[in-house]
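Report on the following structure.
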Amino acid sequence: MTARQYVVAEFAAEEPLLAAARALRGQGHAELDLHSPVPLHGADEALGLKRSIVPRIALVLGVTGAATGYLMQVGMAAIDWPLNVGGRPPHSAPAFIPVTFELGILFAALGIFLGLFKLWGMPRLHHPVFEVEAFRSASVDGLWLSAAVEAGQVRAVAAQLQALGARQVEIVEDAP
Amino acid sequence: MSGRPAAAALADPLEPVPVLVGRPDDRALTASLTGPVFGPTRKGWLILISVLLVGMGFWILSLVTTLVVGIGAWGNNIPVAWAFDITNFVWWIGIGHAGTLISAILLLFQQKWRTSINRFAEAMTLFAVAMAGLYPIIHLGRPWLFWWLMPYPSTNQIWPNFKSALPWDVFAISTYATVSFLFWFLGLIPDLATLRDTAPTRTKRLVYGLFAFGWRGSARHWHHYRIGYLLLAGLGTPLVVSVHTIVSFDFAISQLPGWHTTIFPPYFVAGAIFSGFAMVVSLMIPARKLMGLEQVITMKHLDNMVKVILATGLMVTYGYVMEHFMAWYSGSDAEAFAFLNRWTGPYAPIWYMQLCCNVLAPQVFWFPSMRRNLVVMFVVSVLVNVGMWAERFVIIAVSLHRDFIPASWGMYSPTWVDWGLLFGSMCTFGVLFMLFLRFVPAVPIAELKELRRELEHHDAQAGHAASTGHGGHGAEARP
Amino acid sequence: MPPLSLPIHGQPAPHRGPEQRWRSLAEAAGSADPAAGSYPDGDEAAPDSFGRRSFMQLLGASAALAGLSACKPPREKVVSYVRRPAGVTPSLPGFYASALSRGGHAVGVLVETHEGRPTKIEGNPGQAASLGAAGLHELASILDLYDPSRLAGVRRDGRPLAWSAFLQEAAGLAAAHEKDGGARLRLLAEPTSSPALADQRARLLARFPRARVHAWDPLAEDAARVGARLAFGRPLEAAYQLEGADVILSLDADFLASEGDHLRNARAFASRRTQAGMNRLYQAEAGYSVTGGAADHRLRMRAGEVLPFARAVAAALAAHHGLPALAALGAAAAGELGRTAAAVAKDLYSARGRGLVLVGRRQPAALHALAAVVNAALGNTGVTVVWREPALLDPLAGVAGLSALARELAAGQVDTLIVTAWNPAYTAPADLGLAALLGKVPNLVYLASREDETSQVAGTVVAAAHPLESWGDLRGRDGTASIVQPLLAPLAESVTELDLLSAFTGQGHLGAWRLVRDGWKARTGEAGFDQAWDGWLAAGVVAGTARPPVAVAVDAAAVAAALAAAPVPPAGLEACFAPDDKALDGRFADNAWLQELPHPVSKLTWDNAAFLSPATARRLGLADGDVVALSLRGRTVDAPVLIQPGHADESVTLPLGYGRTQAGPAGAGIGFAAGALRHAAAPWIDGGLELRKTGRRHALARTQEHFSMEGRAIALGYDVGALPHAAHELDEHRGEQATILPAVDYSKEEYRWGMAIDLSRCTGCGACTLACQAENNIPIVGKEQVLKSREMHWLRVDRYYEGTPADPTSVSQPLACVHCESAPCEYVCPVNATVHSDEGLNEMVYNRCVGTRYCSNNCAYKVRRFNYLDYRGTMAPVSKMLQNPDVTVRARGVMEKCSYCVQRIERVRIGARSQGEKVGGDAVVSACQQACSAEAIVFGNLNDPASRVARLQQDERRYDLLHELGTRPRTAYLVRLRNPNPELA
């Protein structure tokens with residue numbers, strides 16, 4: 001494929017930023033992204049993001065963990081080697097509840113955390129947008145828009161962003 | 001001033017005192033909150049940590065003695081086979097509950113005042129759990145075999161006994177430690193990115209960049225981040241309750257008078273929150289001064305926290321009362337004696353200390369003036385932690401030293417190693433905390449920026465409603 | 001950190017381990033090759049294959065001792081106990097019968113050996129003084145055998161001397177003394193019943209007609225013998241038949257523990273403590289003795305008041321019950337004492353012919369005589385008490401003889417003094433100043449097993465062999481002889497008293513075996529001697545040597561005269577000297593097992609103390625552990641006080657046997673030397689004791705701190721009359737309980753092990769605890785650890801007082817793991833280290849235990865013990881030979897507890913299996929059960945309805961300890977019964 005380039009633009013306020021995002025998306029630019037120190041209201045709609053699947057990951061893994069916990073205990077205490085422990089029945093469900101619960105939580109939590117990293121594509125220590133020195137303000141107070149576009153369209157997009165009120169626009173080569 | 005009541009009501013009828021003093025912009029916030037990290041090392045910090053390091057040395061000495069000589073180096077015996085070891089464990093794990101509670105539950109209830117203090121509390125949780133987790137291991141007669149409590153296919157094919165509460169503990173504590181860490185770290189990622197981007201030197205930028213894992217504040221990140229963070233909070237809340245419930249099972253499943261009580265789970269959880277909030281307060285009051293965080297950690301936070309201390313203190317008191325009622329109602333000699341022994345036995349002074357610290361001391365917080373007095377709040381919160389340690393000692397050692405068969409009664413007295421493991425662990429905890437204050441923003445920057453936006457939103461509404469009042473309120477809010 | 005340095009028995013003392021001593025000695029002996037020198041005349045007199053083989057094995061075991069190159073097997077044949085369990089099978093123990101001396105009398109024992117290595121001493125069922133039971137000192141003496149601090153070889157003026165060289169010197173010395181007929185030769189010996197020693201002394205006196213033998217025993221029973229002489233004209237020996245006694249009046253006689261024949265007496269007494277035909281015991285005493293704890297009426301009085309009380313009883317018998325013979329002897333007493341005496345007299349009279357009056361060794365001869373007359377008058381003589389010629393060569397071994405010797409020493413009339421009596425420098429009454437006098441004797445030859453106060457002043461010290469290393473013979477009190485046979489060759493060069501004496505009779509080359517054997521051959525004749533000899537060794541007794549009872553006629557007039565002259569109760573604070581229940585006269589002070597054994601009554605370990613009553617303590621403003629200066633007749637000793645409930649007021653009990661200055665690591669510097677206050681004029685009971693508070697405190701390590709039951713149902717007791725009505729009450733402490741969990745069903749199992757403990761029989765002596773310690777390799781932890789309540793005894797004996805602190809009754813309760821079927825300890829163990837066996841044993845898996853100690857926390861009986869430190873690390877190599885190879889030695893950080901002697905169960909099971917049989921219901925005997933003289937503990941198979949334990953658990957007295965907890969213990973208790981006299985209730 002032809003080399004793509006990144007256009008990053010900083011905006012002074014949220015409204016023009018979101019407007020610009022909507023505009024570019026309207027023109028069919030898919031690889032848009034917004035960068036801000038805090039979550040922006042309306043960013044999801046502007047970028048047309050679908051509902052997050054993190055809750056489903058959590059649910060599935062939580063159930064798996066709980067099942068694992070209970071079956072493990074039954075297998076160890078009642079099936080593999082049932083012992084006479086103080087005259088208690090080898091399979092005593094009430095005693096197995098705590099471990100079952102804890103394992104459910106543990107699996108779900110790990111699922112959420114690792115799931116997030118997977119969805120974020122993290123860890124990714126270097127990213128083209130970091131090439132822009134000014135972009136460092138994105139985690140302080142800057143509002144940025146980044147768009148990955150065909151080499152040919154770079155100039156047009158940059159100009160358009162300028163028109164949409166970007167405070168500054170930079171172009172970054174994406175290492176193929 | 002005429003419009004003020006209306007304005008206040010509109011601004012936030014329940015929060016006359018602001019949770020954020022002033023409306024600093026993002027850059028200013030960033031500067032002030034990263035200040036402690038990038039600023040020069042302060043003298044007070046250096047002195048404090050070096051003192052704590054000495055205590056940590058004492059702790060290490062006690063640990064080595066315990067491992068080399070055996071737990072015979074302690075005062076434990078038969079009948080008092082558990083004493084300082086498990087007392088310290090329960091005390092620390094209890095303290096370790098406030099963090100997750102503040103972050104998780106307050107987040108679920110969308111309490112604004114949570115924001116400035118949650119990281120602080122979470123860090124405290126992590127370090128407290130680290131301290132707590134040590135005791136169940138070193139208190140073993142053969143600590144090098146602690147992993148036999150894990151379910152693994154051993155050569156002699158024996159599995160752990162899941163009818164015992166101790167393996168439950170293993171799972172609960174390790175789960176709690178893991179989830180607390182993930183929760184804390186997830187909240188930290190955006191701020192690590194901020195640190196990366198504002199780092200004065202290349203090294204710092206590299207290090208923080210490494211831990212930021214490449215966070216770009218992207219809308220696609222925030223999109224999953226918020227739901228994920230909320231879900232972890234949702235899991236953390238039942239978890240934190242379950243953990244101390246299970247810790248209380250360590251005692252409740254036994255048949256020992258003073259342990260064998262159905263009220264233990266709620267009573268222990270309340271006690272954990274009680275001591276946890278107390279520890280947050282006693283750490284925060286000096287820290288906010290030391291780190292100059294008065295404008296983000298305001299009197300409002302402290303006021304709310306001591307209110308929680310008062311409430312949980314009353315719950316704990318209710319626990320004490322019910323224990324005694326049950327002892328009487330059970331009609332069992334041994335049961336009744338176990339509680340009579342607290343009042344009249346050889347360890348009665350510790351019991352009275354417990355009552356003074358846990359029941360009487362928090363009552364001062366009924367008075368608003370006391371809730372504005374930093375010294376009082378600090379002293380009482382420290383007292384509460386002393387009292388909660390005493391409570392665990394009374395429950396564990398004092399119940400053990402006189403049980404069913406009078407001929408087997410005995411006394412317990414700690415050795416220097418016991419004291420070393422108690423005070424040493426406090427110092428080690430302190431060291432970890434000082435490092436946290438120095439190298440990580442103690443207050444979540446990104447969340448605070450969000451909070452400011454919400455507040456500005458409020459102010460704006462208030463402004464529309466009563467322009468005069470806005471100013472008035474604003475003036476009110478800025479001392 | 002000081003608390004961690006353990007004074008554990010057997011800490012190697014480098015300068016005096018037998019090894020080095022032995023080697024250097026062999027070199028000193030000048031023999032180029034020690035090994036060669038060690039087999040002077042080889043093994044030509046070849047013993048039969050078994051004996052030899054066992055001793056070759058033993059040689060192997062002994063070789064474990066570094067440098068024991070000269071340790072040799074005895075050349076003589078020994079024969080193993082006839083009913084041994086497959087004695088020669090490796091890994092199975094062999095049992096050998098022998099006898100230990102107590103006060104010169106035989107106590108028959110069976111010694112368990114593993115591959116020639118003695119590991120445990122048990123009682124010999126065939127011997128009258130033991131009847132299969134063993135006392136504290138029999139059980140503990142095995143520890144002395146392996147004591148690294150034992151002496152080795154001969155030492156003259158601090159330098160080692162070869163035995164052969166010593167023999168030459170002795171011969172020279174003897175020749176010198178022969179000139180004047182041994183006028184300046186003396187022997188200070190212990191009273192003994194040994195026929196072989198009798199022969200040897202005869203030879204000695206034959207060679208040295210003018211020499212003299214003095215007998216000395218600090219615990220001598222002179223008063224009893226003199227009393228008998230007063231009453232009958234002869235110093236006869238009384239033997240009690242308690243099984244026939246309905247009413248017993250014990251005048252300061254601790255006949256269940258510290259008096260002679262206590263094992264036999266306890267067995268007989270206990271046989272009458274059940275609801276069927278229960279006896280009644282009146283115990284008149286000052287201190288609280290084991291017997292006092294078992295009494296129905298403990299008549300608390302100063303030791304000096306016992307005689308007046310006895311005379312009041314006699315007077316009452318004469319006055320109200322028409323026994324004029326006693327009129328002259330009695331002396332009516334007023335007030336409470338008189339009323340009690342009248343009631344006791346009435347009881348004794350109503351049980352005439354079935355009653356018994358017995359008197360303790362501390363009481364004056366006149367009282368012994370009075371008792372003899374009263375027994376005769378009541379027709380008890382010949383029924384509950386029979387009289388025999390004493391078995392001792394020296395019936396009188398008290399202060400009189402020793403004083404005579406002291407006078408001779410002071411006058412410089414003695415050149416050579418052979419001391420075989422134990423440590424006279426320490427045991428002699430202080431006023432004799434014997435230690436100094438002994439130092440002046442030109443040739444003092446002292447036979448000792450350890451360094452002690454006397455060995456310090458003796459010019460020549462000869463190492464004494466342990467009884468388990470010795471040939472010899474002894475008689476029981478009834479005259480029945482036992483052969484003492486060695487179980488192994490001396491671990492370090494040492495000889496017996498026979499060997500030492502023979503060195504002076506020119507028979508030093510013979511050796512004890514020959515002397516003993518020849519003596520018996522001479523007595524019984526050649527015919528069939530060898531078989532007979534083997535039989536005696538095998539059975540542990542020489543059949544048909546018992547002495548017949550003699551008919552007696554009392555001389556009331558002489559007794560009356562003696563009573564008239566009897567000493568009046570001494571004025572002022574009374575000092576009562578008593579043999580310590582554990583250290584006796586001090587010869588067991590070096591025994592760490594006994595030091596750590598809780599005192600039967602006070603539960604004191606690693607110490608003795610001055611016992612006094614609460615009232616006296618209050619008057620003097622004293623508390624437990626206060627150190628006081630005791631002054632008597634101008635001598636002063638500092639001692640800690642211990643307040644003993646039930647002790648007589650204005651009287652102080654001073655246990656002998658402590659405060660040793662020269663002793664092994666376990667015994668030195670422990671307790672106070674009561675003996676240093678003892679005066680020849682009043683060696684037992686003295687007056688005018690002064691007690692001054694020093695303000696110092698002394699930590700007393702007691703294993704029990706709380707002696708009240710707090711009104712809980714723990715050790716239950718009933719008056720025998722009330723028992724039939726107690727069933728309803730007892731049902732609350734036994735039977736099934738409502739439970740959510742269905743109980744595990746063990747009824748289908750072949751074996752369901754269980755135990756029954758009869759509180760009515762138990763005297764609380766503590767022998768079970770020691771037997772358990774020996775059987776199960778239980779470590780000694782030392783005083784510091786006991787103070788931290790970390791003692792390791794699996795089986796403890798709790799004592800509770802009921803009634804007023806001034807005059808309480810007491811009940812003792814042996815308590816080990818009760819093997820709950822619903823064991824609280826098991827379900828809390830995170831690693832399944834303690835679980836249940838199919839037969840219902842609560843098993844402790846040492847190598848799985850990680851040491852959370854939760855099991856102990858959840859044990860309602862607190863019978864689990866934890867290895868807080870490495871209590872084994874400091875064990876000397878020689879002490880390791882003591883370990884029972886069938887029982888794991890536990891490591892640091894591991895929990896342990898009573899296993900119901902699972903190793904014994906398995907041993908019997910394997911034996912039965914090899915025969916294709918089922919284990920009998922009573923076939924398995926636990927160590928504690930075996931040692932118990934009162935037969936209070938019974939173990940067995942509950943699924944065998946015919947077994948004793950099964951029947952006992954059906955007894956109307958059965959109850960379960962802490963039954964309300966639903967733990968379903970396998971050990972059941974039988975309530976304590978009392979039989980009080982309604983007139984005194």
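Owing to the predicted nature of the structure, the values given are computational and were not obtained by experimental measurement. A, B, ... follow the sequence lines: proteins, then strands. Residue 1 opens every chain.
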* Asked: So, for B/Trp409 and C/Glu710, which heavy atoms are closest and what is the spacing to 0.1 Å?
  -> CH2-CG, 3.6 Å
* Using a cut-off of under 4.5 Å for heavy-atom pairs, which of B/Asn161, B/Asp403, B/Ile86 has the most such pairs with chain C? -> B/Asn161
* **Minimum side-chain heavy-atom gap B/Ser254-C/Asn857 below 4.5 Å** => no
* Asked: Checking side chain to side chain contact (heavy atoms under 4.5 Å, CB included) for the pair C/Val828/B/Asp250: CA distance, chi angles, key distance, verdict?
  -> CA-CA 9 Å; C/Val828 297; B/Asp250 288 351; over 6 Å; no
* Side-chain heavy-atom pair B/Ile78, C/Arg865 within 4.5 angstrom cut-off -> yes
* To do: May I ask you to check whether over 12 heavy atoms, not counting those of B/His401, lie within 6.0 Å of atom NE2?
  => yes
* Hey, which of C/Pro824, C/Cys829, C/Ala891 has the most heavy atom pairs under 4.5 Å with chain B? -> C/Cys829
* Asked: Just by modelled atom types, is the C/Val850 backbone N or O under 3.5 Å from a matching donor or acceptor in the B/Arg142 side chain?
  -> no
* Asked: Taking the side chain as C-beta and beyond, is there a heavy-atom pair between B/Trp159 and C/Val831 under 4.5 Å?
  -> no
* Structure fact -> Pair count under 4.5 Å, heavy atoms only, with chain C: among B/Pro406, B/Pro79, B/Pro257, highest is B/Pro406
* **Residue part contacting chain B, namely of C/Gln813, when any heavy atom lies under 4.5 Å** => neither
* Asked: Would a distance-only check, ignoring hydrogens and angles, find a side-chain to backbone donor-acceptor pair under 3.5 Å from C/Arg796 to B/Ala407?
  -> no
* To do: Go through the atoms of C/Thr967 and report whether side chain, backbone, both or neither lie under 4.5 Å from a heavy atom of chain B.
  => side chain
* C/Tyr868 (side chain) donor-acceptor with B/Gly70 (main chain) under 3.5 angstrom -> no
* Quick check: does any side chain N or O of B/Ser408 sit under 3.5 Å from a backbone N or O of C/Lys862, one acting as donor and the other as acceptor? -> no
* Proximal component of B/Val80, with respect to chain C [non-hydrogen, under 4.5 Å] -> backbone
* Is the backbone N or O of B/Trp82 less than 3.5 Å from a side-chain atom of C/Arg853, with the two atoms forming a donor-acceptor pair by type? -> no
* To do: For chain C, find which of B/Pro143, B/Pro160, B/Ser413, B/Gly410 contributes the most heavy-atom pairs closer than 4.5 angstrom.
  => B/Pro160
* To do: State, to 0.1 Å, how close C/Arg712 and B/Phe404 come at their nearest heavy-atom pair, and which atoms those are.
  => NH1-O, 2.7 Å
* Asked: Ignoring hydrogens and geometry, is there a side-chain-to-backbone donor-acceptor pair from B/Asn77 to C/Lys788 under 3.5 Å?
  -> yes
* Is there a side-chain contact between B/Ile405 and C/Leu962, using heavy atoms and a 4.5 Å cut-off? -> yes
* Side chain, backbone, both or neither: which part of C/Ser856 has an atom under 4.5 Å from a heavy atom of chain B? -> side chain
* **Any side-chain heavy-atom pair of C/Asn832 and B/Phe162 under 4.5 Å** => no
* Asked: When rounded to the nearest 0.5 angstrom, what is the spacing between OG1 in C/Thr852 and NE2 in B/His139?
  -> 5.5 Å
* To do: For each of B/Asp333, B/Ile71, B/Leu145, B/Leu256, tally heavy-atom pairs with chain C at distances under 4.5 Å, and name the one with the top tally.
  => B/Ile71
* To do: Pick whichever of C/Ala713, C/Ala833, C/Gly893 has the most heavy-atom pairs under 4.5 Å with chain B.
  => C/Gly893
* Would you mind telling me which of C/Cys849, C/Ala715, C/Gly711 has the largest number of heavy-atom pairs within less than 4.5 Å of chain B? => C/Cys849
* Asked: Counting only heavy atoms not in B/Phe325, do more than 12 sit closer than 6.0 Å to its CZ atom?
  -> yes
* To do: Find out whether B/Ile253 and C/Tyr827 are in side-chain contact, i.e. whether some heavy atom of one side chain is under 4.5 Å from a heavy atom of the other.
  => yes
* **Contact leader toward chain B among C/Tyr861, C/Tyr854, C/Phe707, where contacts are heavy-atom pairs under 4.5 Å** => C/Tyr854
* Heavy-atom proximity to chain C below 4.5 Å, by part of B/Trp168 -> neither
